Undergrad: 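Just dropping this structure here.
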There are 2 protein chains.
Amino acid sequence: MKAATKSSDALPAAHDRVYRGLRTRIMHGEIAPGEPLTLRGIGKEFDVSMTPAREAVRRLVAEGALFLSSSGRVSTPELSNERIEELAALRALIEVELASRALPRAHIALIERLQTIDAGIAERIAQRDATGYIRANLEFHRTLYLRAQAPAMLAMAETVWLQLGPTMRALYGKLRRTEPPRFHRLIVAALKAGDEPGLRLAVRSDVTQGLRLLAS
Amino acid sequence: MKAATKSSDALPAAHDRVYRGLRTRIMHGEIAPGEPLTLRGIGKEFDVSMTPAREAVRRLVAEGALFLSSSGRVSTPELSNERIEELAALRALIEVELASRALPRAHIALIERLQTIDAGIAERIAQRDATGYIRANLEFHRTLYLRAQAPAMLAMAETVWLQLGPTMRALYGKLRRTEPPRFHRLIVAALKAGDEPGLRLAVRSDVTQGLRLLAS
DNA sequence: CCCCGCGATTTGTGATCACACATACGCCAT
DNA sequence: ATGGCGTATGTGTGATCACAAATCGCGGGG
């Protein structure tokens, strides 16, 4: 039971592998809100001991992706309506700024890529693929924001996504969407036209649309 | 060498004690940018083993307060001008929103407390007390933002402060301030008058003032 | 039938250890 | 004197262990 030491493996550090694995699962909404996790369970799943599992969990807790009860138990957080409203407001603030900074650098190739991703989103919706929908939606936004050349801001936006992850999945179940996101069209149109005020409005609308129903 | 087990101590968990200790030192600018840290050194300083030290460091790295080199060495980060500009923009976005949300709840008692803190800031400046100045300045902002009743936003703002901590200390040395922060007066005045646009402008100015010189 | 309490099990915490790697120091050959 | 190399030291990583506390389940009493 010495877990392959390091031998000739590549170099994806153990605790980082666990972190990334949990992170994407949370961000994509593959874990239900309130679901409890155990360090030994995580370690077993990723074939590591408790130590790297603990580090990964600690990091996710620091990012707000996991909730740490007073007794040290970890679970994915159940967000209150107030917190959801705050996080939506943060998304609006940060992502509008990111989109605005990306606008001058948005070439036609980027816009075409966004349209391709958007088509994929429509497919996921048609197939009722919640996780795929969330993943594609985040890819749409991240692709745009990468052009902003603002890594610190992007990291902060992703932190917010992470916190909303489990809830977004639950939200997806509530609203029975059959249509593709209409605000994405507006975003693409504003990018093409170089219309900054229109872009800001479209991003703000897209980011806050779904979360309004949840708070009602 | 069994480190006092738990005996009759209260219950401030070990790794959390280390985390808080390092966090405030970083946020207050008591550690120079680029300064290297070792897990064993931290453990010795707080009288714990490497395990809690590692967890605290991991958490601070996750928050951007510490930099982790490719070989695993940790140090406080040396920020590029681009990153400083981003962080200043984030401060402006988030803190303007926080101030705006705090405005309707800003009673006279709060305003008086802000003025008291501001007087303390003037003292620190007169005494050339860099750390004291930073701490008092952050207290001024936090006191105001607490009224916004937006814990997630406040946490995000504090994360940005944390990332700027070591740099703010260096910044303090560059600009030889002798006058108390003039924008704080404007903030207080806007709060008294219930002037939201004025408040937003004053906060934005206060937050971005010092960092403009640094980027030049 | 429900509620309380006690014990077994689960779970997080922190210390310690073995190991791999990086760095730094010092010694020897040129 | 200087440059290169091998060793010693320091550092992070991850596994394992001992311990305390929390949680769960079961049984008895009301």
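Every chain is numbered from 1, with letters handed out A, B, ... down the list of sequences. Since this is a predicted model, take the numbers as computed values, not measurements.
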Undergrad: Figure out the OH/P separation between A:Tyr19 and D:dT13, and round it to whole Å.
TA: 15 Å
Undergrad: Let me know the distance between CG of A:Leu68 and P of C:dG12, rounded to the nearest Å.
TA: 10 Å
Undergrad: Just by distance, do the side chain of B:Glu63 and the backbone of B:Thr159 share a donor-acceptor pair under 3.5 Å?
TA: no
Undergrad: Within the structure, does a side-chain N or O atom of B:Ser71 lie under 4.0 Å from either OP1 or OP2 of C:dC21?
TA: no
Undergrad: Find the distance B:Arg58:CZ to D:dG14:C1' and express it as a whole number of Å.
TA: 11 Å
Undergrad: Rounded to whole angstroms, how far apart are CE on A:Met50 and C1' on D:dC17?
TA: 11 Å
Undergrad: Among D:dG14, C:dA15, D:dG12, which is the nearest nucleotide to the side chain of B:Val48?
TA: C:dA15
Undergrad: Which whole-number value in Å describes the distance from B:Glu55 CD to D:dG12 P?
TA: 15 Å
Undergrad: Expressed in angstrom and rounded to an integer, what is the separation of B:Asp16 atom CG from C:dG12 atom C1'?
TA: 14 Å
Undergrad: Taking the nucleotide of DNA chain D with the closest heavy atom to each, which residue, A:Ser69 or A:Arg54, is nearer the 5' end?
TA: A:Arg54
Undergrad: In whole angstrom, give the distance that lies between atom CZ of A:Phe46 and atom P of D:dG14.
TA: 14 Å
Undergrad: Which class fits the ring pair A:His184 and A:His141: parallel under 30°, tilted 30 to 60°, perpendicular over 60°?
TA: perpendicular
Undergrad: Starting at CG of A:Leu37 and ending at P of C:dT11, how long is that distance when rounded to a whole Å?
TA: 11 Å
Undergrad: Would A:Arg124 and A:Tyr133 count as a cation-pi pair here, with the cationic atom under 6.0 angstrom from the ring centre and within 45° of the axis?
TA: no
Undergrad: B:Arg40 or A:Arg40: which one's nearest nucleotide on DNA chain D is closer to the 5' end?
TA: B:Arg40
Undergrad: Taking any heavy-atom pair under 4.0 Å as a contact, classify A:Ile42: base, sugar-phosphate, or nothing.
TA: nothing
Undergrad: Let's see if you can work this out: which of D:dT23, C:dT13, D:dG12 has an atom nearest to the side-chain heavy atoms of A:Arg73?
TA: D:dT23
Undergrad: Nearest of C:dT13, C:dA15, D:dG12 to any side-chain atom of B:Leu39?
TA: D:dG12
Undergrad: Quick one: does any side-chain atom of A:Ser100 pair with a main-chain N or O of A:Val96 as donor and acceptor, under 3.5 Å?
TA: no
Undergrad: Consider the side chain of A:Thr51, meaning its heavy atoms from C-beta on, and name the nucleotide among C:dG12, D:dT13, D:dA15 that approaches it most closely.
TA: D:dA15
Undergrad: So, A:Arg101 side chain and A:Ala148 main chain: donor-acceptor pair closer than 3.5 Å or not?
TA: no
